[in-house]
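Only heavy atoms go into these numbers, but all of them, side chains included; no hydrogens, no water, no symmetry mates.
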2 protein chains.
Amino acid sequence: MEYSSETEKKIVEAATTVFLEKGMDGARMEEIARNAGINKALLHYYFRSKEKLYQEVLRNEVRHFYLRFFNSISPVDEFSEFLKHFIYNYIDQIKENPQVVRFIFWEIGRGGKLVRSVLREILSNQHTRIPHLISDKINKAIAEKKIRPVDPQHLLFSLIGMSIFVFIAKPVIETLFEDIDVNSSSFIEKRKSEIFNLVWFGLKI
Amino acid sequence: MEYSSETEKKIVEAATTVFLEKGMDGARMEEIARNAGINKALLHYYFRSKEKLYQEVLRNEVRHFYLRFFNSISPVDEFSEFLKHFIYNYIDQIKENPQVVRFIFWEIGRGGKLVRSVLREILSNQHTRIPHLISDKINKAIAEKKIRPVDPQHLLFSLIGMSIFVFIAKPVIETLFEDIDVNSSSFIEKRKSEIFNLVWFGLKI
DNA sequence: GTCTATAATAAGATAGAC
DNA sequence: GTCTATCTTATTATAGAC
């Protein structure tokens with residue numbers, strides 16, 4: 001994400017804001033230009049088309065998302081600590097930028113081909129396969145009889161699903177339960193500990 | 001969802017297909033008309049605008065989603081049976097129509113105002129508040145010391161998050177783990193039992 | 001590199017005949 | 001109710017001056 005010129009950088013920043021809010025189809029080149037403090041012609045000078053600009057933004061955001069995921073993995077050996085670290089940090093990462101999750105689901109709704117290709121690109125440039133790294137950790141804990149036998153992949157999906165749901169379903173949740181404010185730190189801290197407790201009690205022997 | 005004419009019914013069917021696949025902004029009235037076997041003029045004759053047609057579709061789909069949710073609730077009293085029934089049926093419901101989940105998230109990404117208003121409409125026409133009904137069931141099990149004390153709302157969010165995640169993230173999951181086919185019944189059955197076991201072991205005293 | 005002006009076209013919406 | 005033809009506007013994209 002090193003851009004040669006200041007203008008190029010401003011364009012990508014503006015495009016990111018607009019695409020994350022409106023999605024590919026809802027975004028307008030006019031608005032992106034305005035946000036970047038330039039005009040449409042210059043957009044096309046730097047990025048030949050809307051599609052190209054969109055791909056640039058998507059690539060960055062998927063990379064970021066993957067990095068956030070990576071940052072949630074602790075080297076700690078003790079499994080309960082590892083688990084707690086993962087849940088707490090992953091939720092913190094998502095809290096910082098919940099729109100990205102929705103944006104990626106948005107793109108998946110458009111077919112998912114682009115996401116797949118960006119992901120494959122990232123994976124091939126990376127020698128450590130992060131998701132498998134987590135599976136290994138879980139398998140190790142099972143082998144050492146620290147936790148009962150579970151399917152590591154499914155456990156991972158459960159952790160991710162539980163962590164992201166409240167952020168993408170925010171308006172629904174706040175309509176069904178009027179006392180909840182998803183972004184409040186009291187709710188988020190509670191969310192972390194409830195997930196951890198459920199999973200930890202659900203795993204330990 | 002009773003439509004007076006056959007044409008009106010065909011229009012809504014076609015519109016549902018197209019909006020679910022492309023979203024509001026990506027959908028084209030032309031394509032909807034073609035899918036319904038008519039032309040654009042007739043679309044506007046029945047539904048004054050794209051926005052109106054979209055709202056009709058959204059309203060139906062949110063209602064359906066809510067009904068699916070409702071159908072996952074068993075009257076059974078024994079808590080582990082209730083839990084199993086909820087997870088197994090909810091996943092079956094989503095499996096039948098995974099695009100709807102994505103569609104609703106799509107709409108939430110557009111601000112969520114419409115989803116909120118449709119939800120409120122449904123809730124006000126309904127004397128039993130379903131989400132609270134589940135919370136009550138959980139609270140009862142806690143009071144009877146069948147399960148350890150947990151926050152009922154958070155448990156509900158966890159169940160939903162775990163259940164829907166694999167369906168909306170399908171392309172990502174299948175790229176990261178090449179051996180998985182999310183739609184295969186072996187994967188789905190495994191998903192159900194892994195969620196149930198994790199939660200049940202995580203709850204029982 | 002950056003702008004103004006404009007082309008080219010796509011898309012929602014309507015008029016008017018049948 | 002249904003169609004063809006057409007209007008109107010929004011939007012991506014480019015030409016050409018500076």
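- Going from atom CG of L42(A) over to atom P of dT2(C) covers 5 Å, rounded to whole Å.
- Within the structure, side chain to side chain donor-acceptor pair (under 3.5 Å) pairs that include any residue of residues 12-24 of chain B comprise K22(B)-E31(B) (at least two apart or interchain).
- Taking atom CZ of R34(B) as the reference point, atom C1' of dT2(D) lies 18 Å away to the nearest angstrom.
- At a threshold of 4.0 angstrom between heavy atoms, the contacts of T7(A) are confined to the sugar-phosphate backbone, with no base atom among them.
- The existence of a salt bridge linking E174(A) and K170(A) is confirmed by a sub-4.0 Å separation between a basic side-chain nitrogen and an acidic carboxylate oxygen.
- Within a 6.0 Å sphere centred on CZ of R48(B), heavy atoms belonging to other residues, nucleotides or ligands number 12 at most.
- One can place NZ of K22(B) at 14 Å from C1' of dA11(C), the figure rounded to the nearest angstrom.
- Counting only heavy atoms from C-beta outward, the side chains of F165(B) and I173(B) approach each other to under 4.5 Å.
- With sequence neighbours left out, E78(B) forms a side-chain hydrogen bond (donor to acceptor under 3.5 Å, both in side chains) with S80(B).
- For N39(B), a side-chain nitrogen or oxygen approaches OP1 or OP2 of dT4(D) to under 4.0 Å.
- The OH-P distance, from Y54(B) to dA11(C), rounds to 18 Å in whole Å.
- Between the CZ atom of F47(A) and the C1' atom of dT12(D) there is a distance of 16 Å, given to the nearest Å.
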Q) Quick one: what's the B/S/- string for nucleotides 12-18 of chain C, heavy-atom cutoff under 4.0 Å, read 5' to 3'? A) BBBB---
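- Nucleic acid contact for L43(B): none, since no nucleic acid atom lies under 4.0 Å from a heavy atom of the residue.
- Using cut-offs of 30° and 60° on the angle between ring planes, the pair F86(B) and Y90(B) is parallel.
- Regarding I32(A), its CD1 atom lies at a distance of 12 Å from the P atom of dT11(D), rounded to whole Å.
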